[in-house]
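As the structure is a computational prediction, the values presented were derived from the model and not from experiment. Quick note on labels: first sequence line is chain A, next is B, and so on, each numbered from 1.
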Amino acid sequence: MLAKQTPLTKQMLSELLRASSSKPKQLKKIHAVVIRTGFSEKNSLLTQLLENLVLVGDMCYARQVFDEMPKPRIFLWNTLFKGYVRNQLPFESVLLYKKMRDLGVRPDEFTYPFVVKAISQLGVLPCGVSLHAHVLKNGFECLGIVATELVMMYMKFGELSSAEFLFESMQVKDLVAWNAFIAVCVQTGNSAIALEYFNKMCADAVQFDSFTVVSMLSACGQLGSLDIGEEIYDRARKEEIECNIIVENARLDMHLKCGSTEAARVLFDDMKQRNVVSWSTMIVGYAMNGDSGEALALFTMMQNEGLRPNYVTFLGVLSACSHAGLVNEGKRYFSLMVRLNDKNLEPRKEHYACMVDLLGRSGLLEEAYEFIKKMRVEPDTGIWGALLGACAVHRDMILGQKVADVLVETAPDIGSYHVLLSNIYAAAGKWDCVDKVRSKMRKLGTKKVAAYSSVEFDGKIHFFNRGDISHPQSKAIYEKLDEILKKIRNMGYVPDTGSVFHDVEMEEKESSLSHHSEKLAIAFGLINGRAGHPIRVMKNLRTCDDCHVFSKFVSRLTSREIIMRDKNRFHHFRNGDKEWSKFVNMNSMFMSVIRCY
DNA sequence: GTAGGGTTAG
């Protein structure tokens with residue numbers, strides 16, 4: 001009777017496992033039965049259980065099951081590695097790899113893709129280098145997949161030349177290898193290199209696909225190269241590459257990142273299908289471009305269509321409130337988020353940072369400080385950084401010092417915090433304190449990020465540093481700049497030397513100011529750009545007050561529209577005016593949002 | 001039986 005029942009029960013257990021593949025509690029119960037009935041001996045049920053646990057993400061339990069297996073085959077080790085990578089547990093991966101070597105288990109060609117990815121997640125370069133040596137020793141370096149993972153690892157570690165060298169020396173580069181390299185370039189902020197390799201790829205006659213297009217549109221968004229991006233998109237269409245919703249969303253985002261909000265809206269309205277990413281892209285884009293009214297209006301529309309916002313949508317909404325100084329509305333959206341009581345919508349650190357920014361920007365520095373103290377989450381550098389930025393804007397030296405102390409303690413290698421503190425001192429004329437901060441930076445080896453601006457012209461991106469003379473057109477650029485400065489001075493422009501935070505003489509201050517990278521970029525745009533077309537300048541840091549005023553005057557003088565994107569947001573200048581957000585009645589709009597829920 | 005690529009935030 002027992003013999004008759006045995007195969008049935010085993011089959012039943014297997015079926016049960018399949019049926020409860022996403023229910024962790026059920027899996028545990030079945031595990032107990034498997035052990036009790038002695039079916040675990042052949043490992044097949046345990047294997048199935050392990051795979052299910054990896055999918056569910058219960059890695060602790062998965063490890064327990066794995067450890068109970070008498071002699072797991074290499075496939076099972078790989079399954080566990082897969083689980084650790086998927087669930088972002090790189091440290092556990094490293095320990096498992098060590099154990100594997102200690103036991104003398106030989107890794108196979110499937111092992112290294114997982115382990116290399118784990119080291120990427122771990123972010124420790126020396127570990128990556130020694131793992132690379134293992135890969136070579138075991139003879140897996142010529143496997144495309146392993147090589148691709150290594151290239152991505154080096155790129156994520158900022159080891160650009162190693163990554164490039166390895167990629168170039170790959171004997172066979174298929175489409176996925178190209179796409180992976182281009183994507184990781186964009187993800188690490190090396191979009192100009194991505195563009196370079198896209199051109200190489202085309203020169204090598206490798207046919208690109210929709211994955212390539214998405215990465216390139218994202219690269220063009222970062223670079224502010226609307227024309228190049230649109231050209232690539234048009235080519236994709238002509239070559240009948242499937243432009244799915246991901247491609248369309250990336251295109252939308254590119255337009256918004258290039259300050260082309262009107263065109264983005266037309267694209268958005270014409271889209272055949274829209275998902276939460278499309279809506280969030282628009283809302284975030286409007287917020288970045290200073291059109292808070294449209295951002296919040298879209299948020300309402302989105303809900304009227306019955307779409308559920310996600311955490312990015314709320315980041316856009318909160319930053320829209322922040323840019324427009326809508327303190328009370330921001331507070332209400334934040335509490336709405338809490339009240340929705342959705343596990344996926346619990347405010348994250350970024351949302352708290354947005355709130356601190358909102359309060360701080362409006363001058364409510366103490367309230368922002370209190371908000372941080374009362375937060376349910378542990379404040380990170382992003383949150384303290386938002387408060388320090390606000391202290392710099394409102395020149396609050398006392399609180400600024402307090403916050404900077406926390407930041408310099410936790411993140412001594414980030415130059416911008418030191419710079420912000422030194423700016424606060426400089427604004428108050430405390431040059432001895434400025435010197436102290438600077439010498440501390442030198443002692444810690446912290447470096448300031450050098451400011452640069454870029455402009456696209458003739459299919460190329462032109463970069464400028466402050467006082468740069470390396471550009472072939474330098475002579476003409478400086479002549480143009482002098483000419484403009486003269487003319488706008490007559491129109492009433494006065495250099496705002498308050499934004500040069502060095503203790504130097506006035507004349508020197510002025511010349512240092514007049515050669516800021518964005519001014520050089522604008523002069524370049526005026527020389528080369530087509531009349532009637534906007535000049536799009538991208539800057540890697542925030543733009544200073546003087547360059548802001550300068551741009552206003554230049555837009556009036558030359559009747560050219562200037563769209564300047566800095567680290568945080570856009571500035572649109574047309575006919576000497578800065579375009580402000582449209583007036584909207586936020587109160588009534590907020591009430592309609594409340595009604596949706 | 002298992003392995004490499006894409007969109008919204010920072």
For atom CD of A:Gln187 and atom C1' of B:dA9, their distance in whole Å: 14 Å

Considering only residues two or more places apart or on different chains, which pairs with a residue in residues 175-201 of chain A satisfy salt bridge (Lys or Arg N to Asp or Glu O under 4.0 Å)? A:Glu168-A:Lys200

Closest of B:dT8, B:dT7, B:dA3 to the A:Asn310 side chain is B:dT8

A:His323 NE2 to B:dA9 P, in whole Å, measures 12 Å

Do the rings of A:Tyr97 and A:Tyr112 sit parallel, tilted or perpendicular, given the 30° and 60° boundaries? perpendicular

Taking the minimum atom-to-atom distance to the side chain of A:Lys257, which one of B:dA3, B:dG1, B:dT8 wins? B:dT8

Going by ring-ring contact (aromatic ring centres under 6.0 Å, His included), name the residues that satisfy it together with A:Phe198, two or more places apart in sequence or in a different chain. A:Phe208

Could you pull out all residues at least two apart from A:Ser322 that satisfy side-chain hydrogen bond (donor to acceptor under 3.5 Å, both in side chains)? A:Asp357, A:Arg361

What's A:Asn244 touching, base or sugar-phosphate or nothing? Going by heavy atoms closer than 4.0 Å. base

A:Thr111: which residues meet the side-chain hydrogen bond (donor to acceptor under 3.5 Å, both in side chains) condition with it, sequence neighbours left out? A:Asn78, A:Asp108

Per the salt bridge (Lys or Arg N to Asp or Glu O under 4.0 Å) rule, what does the pair list look like for residues 265-277 of chain A, sequence neighbours excluded? A:Arg265-A:Asp269, A:Arg265-A:Glu294

Expected output is a numbered-order residue list: members of residues 207-223 of chain A with a heavy atom under 4.0 Å from any atom of DNA chain B. What is it? A:Asp209, A:Ser210, A:Phe211, A:Val214, A:Ser215

Using the side-chain heavy atoms of A:Val277, tell me which of these nucleotides is nearest: B:dA9, B:dA3, B:dT7. B:dT7

Residues that A:Thr212 engages under side-chain hydrogen bond (donor to acceptor under 3.5 Å, both in side chains), provided they are two or more places apart: A:Asn179, A:Asp209

Look at the side chain of A:Thr47 and decide which nucleotide, out of B:dG4, B:dT7, B:dG1, has an atom nearest to it. B:dG1

When all nucleic acid strands are considered with a 4.0 Å heavy-atom cut-off, which category describes A:Ala147: base, sugar-phosphate, or nothing? nothing

For DNA chain B, determine which residues of residues 81-90 of chain A have any heavy atom closer than 4.0 angstrom to one of its atoms, and list them numerically. A:Lys82

Which part of the nucleic acid, if any, lies within reach of A:Glu149 when heavy atoms closer than 4.0 Å are counted: base, sugar-phosphate only, or nothing? sugar-phosphate

Classify the nucleic acid contact of A:Asp174 as base, sugar-phosphate or nothing, counting any heavy atom under 4.0 Å across all strands shown. base

Which residues pass the ring-ring contact (aromatic ring centres under 6.0 Å, His included) test with A:Trp384, not counting sequence neighbours? none

Shortest side-chain distance from A:Phe114, nucleotide among B:dG1, B:dT8, B:dT2: B:dT2

When all nucleic acid strands are considered with a 4.0 Å heavy-atom cut-off, which category describes A:Val284: base, sugar-phosphate, or nothing? sugar-phosphate

Could you tell me whether A:Ser280 contacts a base, only the sugar-phosphate backbone, or nothing, with contacts defined as non-hydrogen atoms closer than 4.0 Å? base

Donor-acceptor pair, distance only, cut-off 3.5 Å: does the side chain of A:Lys349 make one with the backbone of A:Tyr352? no

